[in-house]
Amino acid sequence: MGWGDPNVTGVLPVTLEESRKIVQALLLSGKEYVCLMKLHGDISEARVKDVLKEFEDTIYQRPPLRASVKRQLRTRRIYYIDFLEMDGRNVLFKVGCEGGTYIRKLCFDIGEVLGCGAHMQELRRTRAGPFIEEDAIVTLHDVAYWFMEWQKSGDAAILKKIIQPMEKALALVPKIYIRDSAVDAVCHGANLTAPGVLSLETGISDGSVVAIFTLKGEAVALAVAEATTEEILNMEHGVVAKVKRVLMPRGTYPKCWKSGEI
Amino acid sequence: MPRSSPPWEVKRELVVKAEGETDPKYGCKPEERPAKEYIRFGVINLDKPAGPTSHEVAAWVKRILGVHNVGHGGTLEA
């Protein structure tokens, strides 16, 4: 990490203290960028549009020399590439992709297919998972200013201008809502079993990353589902999801399970 | 290949397995956390400026808020 291009701007979710535990969920989440690409030759607009469409697919990428991950070939899904405009050799497009897609590499590869070569000129991230440019994005100046205002007044509404609950970061992760009586066991790392489940979202499959929530809407843990939504609805006992990352401190809810002592 | 829908366009519905209630004595709605807790369990949707790296930006947030630990959701490294 840290090799990042300083000239890239846009959505960067910053996690504070306890909420750092959800970083993994954010890394895996989809991203959207607006990219300015510079072509190294003169190409018709129609041809550029055609080639951009060809990249709306599962693509192969080897991470660049200066990257934060192992340099092995991997696949990434490009959900869409929308051509925005073109001026001479400058091409502006919007791309929605899986987390971990290298846009600099994508530009290089588009240039290869066009035959003239191309490079990434400027990049702005417009989405990271549930966080988007249009919704409550703040600059460093906003953070410094409003934090000082909050310290002066103590008004919680001011704090909410700059900070959002970590639950917001899990907005796109399918959720399972559980009983109060099951919460503390999960906080101690126990797997979630069927009797603790109150409600859940559709679209969960065996192996999906899920978020376990209380009825108050607090995140308890990140887990991996062991069954589909339909199966979980009909289960009377057994493990529903294996807990991977506990988010709520132990003892927030009362302990409701029997300890081993006789 | 047809345009596949990104994760943020997936629509989910809530289905109920059992009825239950939650005791107001324990826990607290995320929006109602006391200020200190609200910060500890908080995320900032930051607009990263051009110039500093993602790490430097996160370090500035750490200093401004006086918190012990910050992280960020993926280096903007393109």
Side-chain angles (χ1 to χ4, degrees), chain A residues 1-10 12-20 23 26-27 30 56-57 79-80 96 103-104 123 125 128 131 136-137 139-140 143-144 147 156 159 162-169 172 174 179-180 197-203 214-218 233 252-253, chain B residues 1-24 26-31 33 35 38-58 60-62 64-65 67-78:
Chain A
M1 305 277 258
W3 293 116
D5 188 332
N7 292 320
V8 177
T9 67
L12 179 71
V14 176
T15 57
L16 312 175
E17 314 228 332
E18 295 292 325
S19 71
R20 71 183 182 278
V23 161
L26 281 172
L27 292 178
E56 274 186 359
D57 202 340
Y79 304 117
Y80 54 84
I103 307 300
R104 186 180 299 282
L123 189 70
R125 184 147 82 189
F131 295 100
I137 196 165
T139 62
L140 276 169
V143 174
F147 190 70
L159 209 51
I162 51 171
I163 302 174
Q164 304 180 58
M166 67 169 171
E167 283 77 4
K168 159 78 186 183
L172 301 176
R179 291 182 196 277
D180 282 5
V197 178
L198 288 172
S199 57
L200 67 164
E201 290 184 335
T202 52
T214 65
L215 280 184
K216 294 188 189 77
E218 309 152 280
L233 272 178
T252 306
Y253 279 72
Chain B
M1 200 143 170
R3 181 174 171 137
S4 72
S5 52
W8 52 89
E9 280 174 15
V10 175
K11 295 272 176 282
R12 296 182 195 279
E13 281 165 50
L14 191 69
V15 285
V16 176
K17 179 174 163 68
E19 295 297 330
E21 284 178 354
T22 181
D23 189 337
Y26 308 106
C28 149
K29 287 183 184 167
E31 316 77 55
R33 285 183 184 129
Y38 190 81
I39 295 171
R40 280 208 319 137
F41 291 89
V43 182
I44 297 178
N45 182 13
L46 197 75
D47 189 346
K48 182 195 166 290
T53 64
S54 302
H55 272 66
E56 287 167 332
V57 168
W60 286 349
V61 171
K62 184 172 161 176
I64 294 168
L65 301 186
V67 293
H68 299 294
N69 208 311
V70 300
H72 55 80
T75 309
L76 266 172
E77 66 181 343

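Residue numbering restarts at 1 for every chain, and letters A, B, ... go by the order of the sequence lines.
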Asker: Using 0.5 Å steps for rounding, measure from the OH atom of B:Y26 to the CD atom of A:E218.
Answerer: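 The distance works out to 13.0 Å.
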Asker: Do you know which two heavy atoms are closest between A:I163 and B:G42, and how far apart they sit?
Answerer: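 So the two residues come closest at CG2-CA, 3.6 Å.
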Asker: Heavy-atom cut-off 4.5 Å, strictly under: side chain, backbone, both or neither for B:E56 against chain A?
Answerer: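 It is neither, since no heavy atom gets under 4.5 Å.
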Asker: Counting only heavy atoms closer than 4.5 Å, note whether A:T214 contacts chain B via side chain, backbone, both or neither.
Answerer: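 Neither part; nothing is under 4.5 Å.
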Asker: State the NE2-CD distance between B:H68 and A:E18, to the nearest 0.5 angstrom.
Answerer: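 Going from NE2 on B:H68 over to CD on A:E18, the span is 11.0 Å.
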Asker: Measure A:F147 against the heavy atoms of chain B and call it side chain, backbone, both or neither at under 4.5 Å.
Answerer: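 For A:F147, the side chain is the part near chain B, not the backbone.
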Asker: What distance do A:L159 atom CG and B:L65 atom CG have between them, rounded to the nearest 0.5 Å?
Answerer: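 Here the interatomic distance stands at 8.5 Å.
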Asker: Kindly indicate, with the supporting measurements, whether the criterion side chain to side chain contact (heavy atoms under 4.5 Å, CB included) is fulfilled by A:T202 and B:V15.
Answerer: CA-CA 7 Å; A:T202 52; B:V15 285; 4.1 Å; yes
Asker: About how many Å separate OG1 of A:T139 and CD1 of B:I44, when rounded to the nearest 0.5 Å?
Answerer: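 One gets 10.5 Å once the value is rounded to the nearest 0.5 Å.
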Asker: Who wins among A:A128, A:G96, A:A136 for the most heavy-atom pairs under 4.5 Å with chain B?
Answerer: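 It is A:A136.
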Asker: Less than 4.5 Å apart, any side-chain heavy atom of B:L14 and any of A:L200?
Answerer: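 Result no, sub-4.5 Å side-chain heavy-atom pair not found.
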Asker: Can you find a pair of side-chain heavy atoms, one from B:S5 and one from A:Y79, that are under 4.5 Å apart?
Answerer: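 No, side chains not in contact.
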Asker: Heavy-atom distance under 4.5 Å between the side chains of A:L140 and B:P49, does that happen here?
Answerer: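 Yes, at least one pair of side-chain atoms sits under 4.5 Å.
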Asker: Which heavy-atom pair separates A:Y80 from B:P6 by the least distance, and what is that distance?
Answerer: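 That closest heavy-atom pairing would be CE2-CG, 3.7 Å.
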Asker: What heavy-atom pair brings B:N69 and A:R20 nearest, and what distance separates the two atoms?
Answerer: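 It is OD1-CD, 3.6 Å.
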Asker: Rounded at 0.5 Å granularity, tell me how far NZ in B:K11 sits from CD in A:E201.
Answerer: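 Reported to 0.5 Å precision, the distance equals 12.0 Å.
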Asker: Nearest 0.5 angstrom please: A:L198 CG to B:T22 OG1, how far?
Answerer: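 The OG1 atom of B:T22 is 9.0 Å from CG of A:L198, to the nearest 0.5 Å.
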Asker: May I ask you to test the B:L46-A:I137 pair for a side-chain heavy-atom distance under 4.5 Å?
Answerer: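 Not touching, per the 4.5 Å side-chain cut-off.
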Asker: Quick check for you: among A:G203, A:S19, A:A169, which has the greatest number of heavy-atom pairs under 4.5 Å with chain B?
Answerer: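 Ranked by heavy-atom pairs under 4.5 Å with chain B, first place is A:S19.
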Asker: Between A:T15 and B:V70, is there a donor-acceptor pair closer than 3.5 Å when you use the side chain of the first and the backbone of the second?
Answerer: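 Flag not set: sc A:T15 to bb B:V70 has no pair under 3.5 Å.
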Asker: For the residue pair A:L172 and B:P7, what are the closest heavy atoms and their distance?
Answerer: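 The answer is CD2-O, 4.4 Å.
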Asker: Just do the salt bridge (Lys or Arg N to Asp or Glu O under 4.0 Å) check on A:E167 and B:R33 with the steps written out, would you?
Answerer: CA-CA 12 Å; A:E167 283 77 4; B:R33 285 183 184 129; 2.8 Å; yes
Asker: Taking A:K216 for its side chain and B:D23 for its backbone only, find out whether a donor-acceptor pair lies under 3.5 Å.
Answerer: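 Present.
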Asker: Could you tell me which portion of B:V10 (side chain, backbone, both or neither) has an atom closer than 4.5 angstrom to a non-hydrogen atom of chain A?
Answerer: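 For B:V10, there is no contact with chain A at all, as no heavy atom is under 4.5 Å.
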Asker: Report yes if some heavy atom in the side chain of A:P165 is under 4.5 Å from a heavy atom in the side chain of B:F41; otherwise report no.
Answerer: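 No, every pair of side-chain atoms sits at 4.5 Å or beyond.
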